[in-house]
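Numbering of residues begins at 1 and proceeds along the displayed sequence.
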Amino acid sequence: MCTAATYRTKDFYFGRTLDYEFSYGEEIVITPRNYEFHFRHMGQAKEHYAIIGMAHVAGDYPLYYDAINEKGIGMAGLNFVGNAVYAEVTEGKENVASFEFIPWVLRQCATMDEVRALLAKMNLVGTPFAEQFPASQLHWIIADENEAITVESVADGLHVYENPVGVLTNNPPFAQQMFMLNNYIGLSPKQPENSFAKDVPLNTYSRGMGALGLPGDLSSASRFARVAFTRMNAVSGDSEAESVSQFFHILGSVDQQRGCCEVAEGKYEITIYTSCCNATRGIYYYTTYDNHRIMGVDMHAEDLDGTTLTCYPMIEEGQVSWQNGQN
């Protein structure tokens, strides 16, 4: 289970949580403009926009989980098990395998209009990366500073939805997730007034009762509602420090603790990492389950005209900054 969100202050921020029971050895990966992509059905791409994101690198190929490009477009793939259905390879179409969907979009799109035009002629197929890496069942959020869309490939084809809340989790399908927000139409960051009955003397007894009814469980539907409410009502200053801090607080509302989501005997899903990309400046921030200190990788500190991937393993060990006797 995972959660993705967008946020805007002076700059545009994009990120996600990765919630799973184990890691695949993912790391922060910068793909420079002249790295040569080899697409399974669409040939080679030798020149493209630079990309930074979290990926598992296999055979010198970045299998991106989430990423941004140098033009400010962000994209993330989240589990959509049981609903994702990919098309068959079709002659005359741009056949793109699901594992290469993120670089296919980010390498060539600088605007959401270009993203939509690309999706209109694309055929998303289930070609696996390798025998040991079958096609993951995913759906995606794609966004820039002005708007977001959700892309789902299901049994009746490829669907592209406007995403006005800038949030994505997992099942059920996006249209149903949005409909279920009607259940929370009365929520507010303000204290409620008594509308139960005029003759019953009811009063607020605690702060925060305007959000009474906001779900607190770890299901994807509840996480969708919780992050949508938090993201839509979050208030932050425009500075980088304030904006990044607020973004981590937004996704922190769905942080998963070890022991609360058992997926098998003795195995628990946890928030392996949380990312926050400043898509305006090309900076990838992250925290991990044990390392709550915000770490950052700036794509513009690297040679973006190079030909080889630059990889930074996640720093996962917890870090404490002492204010007194410990060193």
Side-chain angles (χ1 to χ4, degrees), residues 1-6 12-20 26 31 39 42 49 51-56 62-69 71-87 94-109 111-129 133-144 146-178 220 223-224 227-228 251 275 277 279:
M1 297 191 292
C2 306
T3 305
T6 66
F12 169 56
Y13 299 87
F14 179 92
R16 58 95 58 83
T17 64
L18 180 75
D19 306 320
Y20 210 59
E26 51 274 352
T31 302
F39 294 103
M42 297 303 299
Y49 298 132
I51 300 168
I52 183 171
M54 191 71 75
H56 171 70
L63 297 166
Y64 278 112
Y65 304 0
D66 56 278
I68 58 172
N69 68 12
K71 296 299 183 179
I73 303 288
M75 187 170 178
L78 284 73
N79 266 351
F80 195 45
V81 176
N83 282 302
V85 178
Y86 301 122
E94 294 187 351
N95 297 292
V96 179
S98 59
F99 71 84
E100 58 193 17
F101 187 25
I102 289 179
W104 178 254
V105 171
L106 296 186
R107 61 168 283 269
Q108 58 186 313
C109 294
T111 67
M112 290 302 291
D113 285 342
E114 292 179 351
V115 171
R116 288 185 175 87
L118 192 69
L119 295 176
K121 57 185 179 180
M122 189 193 72
N123 191 41
L124 192 61
V125 302
T127 305
F129 176 75
F133 290 117
S136 299
Q137 297 183 61
L138 304 173
H139 59 174
W140 292 264
I141 181 172
I142 311 174
D144 69 359
N146 297 313
E147 56 185 322
I149 61 174
T150 296
V151 179
E152 294 181 342
S153 182
V154 293
D156 64 348
L158 191 72
H159 293 260
V160 179
Y161 300 98
E162 298 302 314
N163 187 332
V165 295
V167 171
L168 188 65
T169 56
N170 313 107
N171 288 316
F174 180 74
Q176 188 175 341
Q177 293 272 35
M178 285 296 300
S220 54
R223 285 183 286 107
F224 186 92
V227 171
L251 286 183
S275 66
C277 305

Notebook entry, point to check: Mind checking whether Y20 and M1 have side chains closer than 4.5 Å, heavy atoms only?
Noted result: no
Next item on the list: Begin from the C-alpha positions of M75 and I141 and carry the test side chain to side chain contact (heavy atoms under 4.5 Å, CB included) through to its verdict.
Entry: CA-CA 6 Å; M75 187 170 178; I141 181 172; over 6 Å; no
Item checked: Value rounded to 0.5 Å, distance of CG in D144 from CD1 in I149 -> 9.5 Å
Next item on the list: Give the minimum heavy-atom separation between L251 and G15, together with the two atoms involved.
Entry: CD1-C, 4.0 Å
Check: Tell me, do Y49 and L106 make a side-chain contact under 4.5 Å, heavy atoms counted?
Finding: no
Next item on the list: Not counting sequence neighbours, list each pair that qualifies as a salt bridge (charged side-chain N to carboxylate O under 4.0 Å, His left out) and has a residue in residues 114-123.
Entry: E94-K121, R116-E147, R116-E162
Margin query: Can you give me the closest heavy-atom contact between P128 and P134, atom names plus distance?
Written below: CB-CA, 3.9 Å
Check: Measuring from D19:CG to N170:CG, what's the distance to the nearest 0.5 Å?
Finding: 8.0 Å
Notebook entry, point to check: Out of curiosity, T6 OG1 to N146 CG, how far, rounded to the nearest 0.5 Å?
Noted result: 11.0 Å
Note to self: Looking at E152 and L158, would you say the former's side chain and the latter's main chain have a donor-acceptor pair under 3.5 Å?
What the structure shows: no
Item checked: Euclidean distance, L119 CG relative to I142 CD1, rounded to 0.5 Å -> 5.0 Å
Margin query: Nearest 0.5 Å, please: how far is CD1 in I73 from SG in C277?
Written below: 13.0 Å
Checklist line | Contact check, side chains of I51 and I68, non-hydrogen atoms, under 4.5 Å | finding: no
Margin query: Going by side-chain hydrogen bond (donor to acceptor under 3.5 Å, both in side chains), name the residues that satisfy it together with E26, two or more places apart in sequence or in a different chain.
Written below: S23, Y65
Next item on the list: Not counting sequence neighbours, which residues clear side-chain hydrogen bond (donor to acceptor under 3.5 Å, both in side chains) with S220? List them please.
Entry: none
Check: Who are the salt bridge (Lys or Arg N to Asp or Glu O under 4.0 Å) partners of D66, not counting sequence neighbours?
Finding: R16
Next item on the list: Taking all heavy atoms of A5 and all of V227, pick out the closest pair and write down the distance.
Entry: CB-CG1, 4.1 Å
Notebook entry, point to check: Looking only at heavy atoms, which two atoms of L18 and C2 are closest? And how far apart?
Noted result: CD1-SG, 3.7 Å
Notebook entry, point to check: Do H56 and Y64 have their ring centres less than 6.0 Å from each other?
Noted result: no
Next item on the list: With side chain to side chain donor-acceptor pair (under 3.5 Å) as the test, would you mind laying out the steps for D113 and T111 before giving the verdict?
Entry: CA-CA 5 Å; D113 285 342; T111 67; 5.1 Å; no
Margin query: So C109 and K71, do their side chains get closer than 4.5 Å, heavy atoms only?
Written below: no
Check: Sequence neighbours excluded, which residues qualify as side-chain hydrogen bond (donor to acceptor under 3.5 Å, both in side chains) partners of E100?
Finding: none
Note to self: Could you tell me if the side chain of F39 sits less than 4.5 Å from the side chain of N95, heavy atoms only?
What the structure shows: no
Note to self: I'd like to know whether R223 forms a side chain to side chain donor-acceptor pair (under 3.5 Å) with T3, so could you lay out the CA-CA distance, the side-chain angles of the two residues, the decisive distance to 0.1 Å, and finally the verdict.
What the structure shows: CA-CA 7 Å; R223 285 183 286 107; T3 305; 2.8 Å; yes
Checklist line | Test item: F133 and F99 side chains (from C-beta on) under 4.5 Å apart, heavy atoms | finding: no
Item checked: Closest approach of A148 to G166 (non-hydrogen atoms, all atoms of both residues) -> CB-CA, 4.2 Å
N/O donor to acceptor pairs below 3.5 angstrom from side-chain atoms of residues 76-87, sequence neighbours left out:
from: N83; atom 1: ND2; to: N171; atom 2: OD1; distance (Å): 2.7
from: Y86; atom 1: OH; to: S136; atom 2: O; distance (Å): 2.6
from: Y86; atom 1: OH; to: L138; atom 2: N; distance (Å): 3.1

Notebook entry, point to check: So how far is it from R107 CZ to L118 CG, rounded to the nearest 0.5 Å?
Noted result: 8.5 Å
Next item on the list: Compare all side-chain heavy atoms of W104 with those of S98 and state whether any distance is below 4.5 angstrom.
Entry: no
Next item on the list: Please work out whether the ring planes of F12 and F14 are parallel, tilted or perpendicular, with thresholds of 30° and 60°.
Entry: tilted
Checklist line | Side chain H139, main chain V154, donor-acceptor under 3.5 Å | finding: no
Notebook entry, point to check: Is the closest side-chain heavy-atom distance between F101 and M122 below 4.5 Å?
Noted result: yes
